[in-house]
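Side chains included, hydrogens not; waters and symmetry mates left out as well; all remaining heavy atoms used. Computed from a prediction, not measured in an experiment: that's the story for all the values here. Chain letters run A, B, ... following the sequence lines, proteins first and then strands; every chain starts at 1.
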Protein chains: 2
Amino acid sequence: MAEQAETLRRTPLSRDRVLRAAVALADEAGIESLSMRNLAQDLGVVPMALYKHVANKDELLDGMIDVIVGQIDPPASDIHWKDAIRRRVLSAREVLRRHPWAPLAIESRTMATPAVLAYLDSVVATFKAGGFSANLAHHVMHTMGSRVLGFSQELFDASRQAGRSGATTPEPPAALPPEFAARFPHLAEIAGAASHDDQSIVGEGCDDQFEFEFALDLLLDGIERLHQRGWTSPRRNG
Amino acid sequence: MAEQAETLRRTPLSRDRVLRAAVALADEAGIESLSMRNLAQDLGVVPMALYKHVANKDELLDGMIDVIVGQIDPPASDIHWKDAIRRRVLSAREVLRRHPWAPLAIESRTMATPAVLAYLDSVVATFKAGGFSANLAHHVMHTMGSRVLGFSQELFDASRQAGRSGATTPEPPAALPPEFAARFPHLAEIAGAASHDDQSIVGEGCDDQFEFEFALDLLLDGIERLHQRGWTSPRRNG
DNA sequence: TTGACAGGTGTACGCCGTACACCTACCGTC
DNA sequence: GACGGTAGGTGTACGGCGTACACCTGTCAA
């Protein structure tokens, strides 16, 4: 009996069990209560035991994000791109709404985790399958921002780096690692596809300001159209 | 001489000086280096001295945000709403780009600070001056999200509350304090203006899901329009 | 002269992440 | 069956954090 209890308690820890417990803890007690100590206690284990499964707290957060993003529905095929994107985004939103802490966590990571990149890659793929040029797909991804993830934010915002900014260090474009192109081919394709001019400045990376204004103007144009039509309510005849 | 140094060092601390120093520290060393201890050291003072000017670190962050948001250009009048909004948003973006840590800080605050509310209120005012109904202005504010602040995010996202969610406590709408209506009349007006149906569910607050889909569809429609026109580059003839 | 008070100080507490040395139970190999 | 390696849980300790609380000190009104 004591033996059984022992066995039970000793259900071996694993990276997966740690991540799930962390997500559960954040869900029910808030992300601010997620400490290595609290998490360890929930798992009936001493804090340092966790470090055998995750490198540190940042990696724990990354892992939690991946667990969640992995739950977003796979892309539907054989339907119009617009509907496919719409469904996917709403699925993402649904998933993220179950984990209210997740949007901020995703945004605060220095850069996207593999699961997030995979998701974004598949969204780009959907646009491209719908006949979008890499160029337009690029702008469109910026325009949707992280709304594509069920909330919104500039996803590729270099300013997020948090570090000592200062105009002194222009911070080179930090070319993507080669494995990146292999794993996320569509992202890789649009990464170089931002020609903001006919004389495209090749390899210049992308112009944040341009992307921001592009999205802003698309929004303002859409808003103007509503306004001019005398929009009042989505369904006039209920 | 020693006297002079004394006098200099003793330039009295003030809430304003604390906030400015905090912004400067966050700007140059990153928000993660902003601790009460580091800040105190920068000011040549002992950590606890700060607490005579700000209640705690959260209030410090709120104050820092207000300092920054207060720098956004005042609204231009006598020009078309679309141009007015565009300029204002780009001004906001410019301000926030000087403080890369600010967007995340703004998002992570439980609720908007007075300066943020004042800014949003004035943006709503611009829409209304352009002839928008309170209803449309409401949706449009959601659609722009915090892009209106130079980045993007659902601004009024209740899920941000971080706390123990759980479907068990439906969390009452938490009616706005009465002073709110007086200080931010336009926000107050649109707050109750979300009729998603002809039989408007009065006082129901607003339907996040509806707002999200409204914005998503506006984006997708705009994107579809670009796509159908065979959009390739913003300026075809350089 | 005095006493209130605004504002800076010093100490201490309980939290945090995590480095490092340790122990222990299991494994494949001989 | 003995044995060494290794995966994984433990215990202790350190430096940093936010901040409560008691204290001191200089200024100014009465």
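Rounded to an integer number of Å, the gap from B/Glu59 CD to D/dG18 P is 15 Å. Atom CG in B/Asp16 sits about 17 Å away from atom C1' in C/dG7, given to the nearest Å. Atom CD in B/Glu32 sits about 14 Å away from atom C1' in D/dG16, given to the nearest Å. Straight-line distance from the CG atom of B/Leu61 to the P atom of D/dG18: 10 Å, rounded to whole Å. If you take CE of B/Met36 and P of C/dC16, they are 20 Å apart, rounded to a whole angstrom. Spacing between atom OH of A/Tyr51 and atom C1' of C/dC16 amounts to 9 Å, rounded to whole angstrom units. Here the P atom of nucleotide D/dG18 and the CG atom of B/Leu60 are 10 Å apart, to the nearest Å. Rounded to an integer number of Å, the gap from CG of A/Leu34 to P of C/dG17 is 8 Å.
Residues B/Asn38 and B/Ser33 bring no donor and acceptor atom of their side chains to less than 3.5 Å of each other.
Looking at the side chain of A/Ala49, the nearest of the listed nucleotides C/dC16, D/dG18, D/dG9 is D/dG9. Of the candidates C/dG17, D/dG18, C/dT9, the closest approach to any side-chain atom of B/Val45 belongs to C/dT9. Between D/dG9, D/dT10, D/dT19, one nucleotide has an atom nearer to the side chain of A/Leu13 than all others, and that is D/dG9. Closest contact between the side chain of B/Asn56 and the listed nucleotides D/dT19, D/dG9, D/dG11 involves D/dT19. Picking from C/dT11, D/dC17, D/dT12 the nucleotide with the shortest atom distance to the side chain of B/Met48 gives C/dT11.
At a threshold of 4.0 angstrom between heavy atoms, the contacts of A/Lys52 include nucleobase atoms, whether or not backbone atoms are also involved.
Put simply, B/His53 has a side-chain N or O that comes within less than 4.0 Å of OP1 or OP2 on C/dG8.
Enclosure of atom CD in B/Gln41 is not indicated, since only 12 or fewer non-hydrogen atoms of other residues, nucleotides or ligands lie within 6.0 angstrom. The number of heavy-atom neighbours closer than 6.0 Å to CZ of B/Arg86, taken from other residues, nucleotides and ligands shown, is above 12.
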**Request:** Check the pair A/Arg93, B/Glu213 against salt bridge (charged side-chain N to carboxylate O under 4.0 Å, His left out), reporting the backbone distance first and the verdict last.
**Result:** CA-CA 10 Å; A/Arg93 174 170 169 85; B/Glu213 295 190 26; over 6 Å; no
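Under the 30°/60° scheme for interplanar angles, the aromatic rings of A/Phe210 and A/Phe214 are found to be tilted.
Judged by distance alone with a 3.5 Å cut-off, no donor-acceptor contact links the side chain of B/Arg37 to the base of D/dG16.
Heavy-atom nearest nucleotides on DNA chain D were determined for B/Asn38 and for A/Pro47, and the one closer to the 5' end corresponds to A/Pro47.
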